[in-house]
Amino acid sequence: DGGITQSPKYLFRKEGQNVTLSCEQNLNHDAMYWYRQDPGQGLRLIYYSQIVNDFQKGDIAEGYSVSREKKESFPLTVTSAQKNPTAFYLCASSKGQGTNTGELFFGEGSRLTVL
Amino acid sequence: AQRVTQPEKLLSVFKGAPVELKCNYSYSGSPELFWYVQYSRQRLQLLLRHISRESIKGFTADLNKGETSFHLKKPFAQEEDSAMYYCALTPPGKLIFGQGTTLQVKP
């Protein structure tokens, strides 16, 4: 079954703990993205990566970190420095630069709740 | 600044009525614009892109560079159109989304 797989779907964390959200794709896409979805604020870009071993900060990168060691994987770590981490997180991928750049394929999302 | 604005959080219409979801953007270069849709319990997915000038599920969107708008239109709404709609702008390498508009089509 091809596509983007995010895990876990639901995650609870205590304040002060780091947590890592997994995102894997088997679409052979070069680019991957992490967004945060909050009611009334739409999707806000956290980090993105156009190629393996390279990534850039998005609009709200503070308190988050990523790695891109493999083309298929783009894990997101929500650190204790993130002031308001409770949210719905979406991972996406695309073919990368060029006319298809705007077509993103999304995962089902991960809902993180900080207790 | 690069920005996408969707002024309406919720748009509620009756079945068969025309629909217009508004989108305005701010971008200094030549933009590529898209509409994405998220139906209940489904993944966010691409609906249409301005460069294709296509009609998908009866929806069309025209890029108006003078008004910096990319409104999504459908002449006759159907109940199955009820969903969250996002307008998006692509500067090179990434995609910027608006706040989203929930379209509710009542029977």
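Please read all numbers here as calculations on a predicted model, not as lab measurements. Each chain gets a letter, A, B and so on, in the order its sequence line appears, and its residues count up from 1.
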Looking only at side chains, do B:Arg3 and B:Ser26 share a donor and an acceptor under 3.5 Å apart?
no
If the threshold is 4.0 Å, N to carboxylate O, is there a salt bridge linking A:Asp54 and A:Arg68?
no
Chain B interface, residue from A:Ala92, A:Pro39, A:Gly58, A:Gly42 that has the most non-hydrogen pairs under 4.5 Å
A:Gly42
Verify whether one side chain among A:Tyr35 and A:Tyr47 offers a donor that lies under 3.5 Å from an acceptor in the other.
no
Interface moiety of B:Gln2 toward chain A, non-hydrogen atoms closer than 4.5 Å
neither
Among residues 105-115 of chain A, which ones touch chain B with a heavy-atom distance under 4.5 Å?
A:Phe106, A:Gly107, A:Glu108
Hey, are B:Ser82 and B:Gln104 close enough side-chain-wise for a donor-acceptor pair under 3.5 Å?
no
For B:Tyr86 and A:Gln37, test the side chains for any donor-to-acceptor distance below 3.5 angstrom and give the result as yes or no.
yes
Can you find a side-chain donor-acceptor pair between B:Ser55 and B:Thr60 that sits under 3.5 Å?
no
Under 3.5 Å: donor-acceptor pair, side chain of A:Gln82, backbone of A:Glu62
yes
Okay, A:Leu45 and chain B: the region with an atom under 4.5 Å from a heavy atom over there is side chain
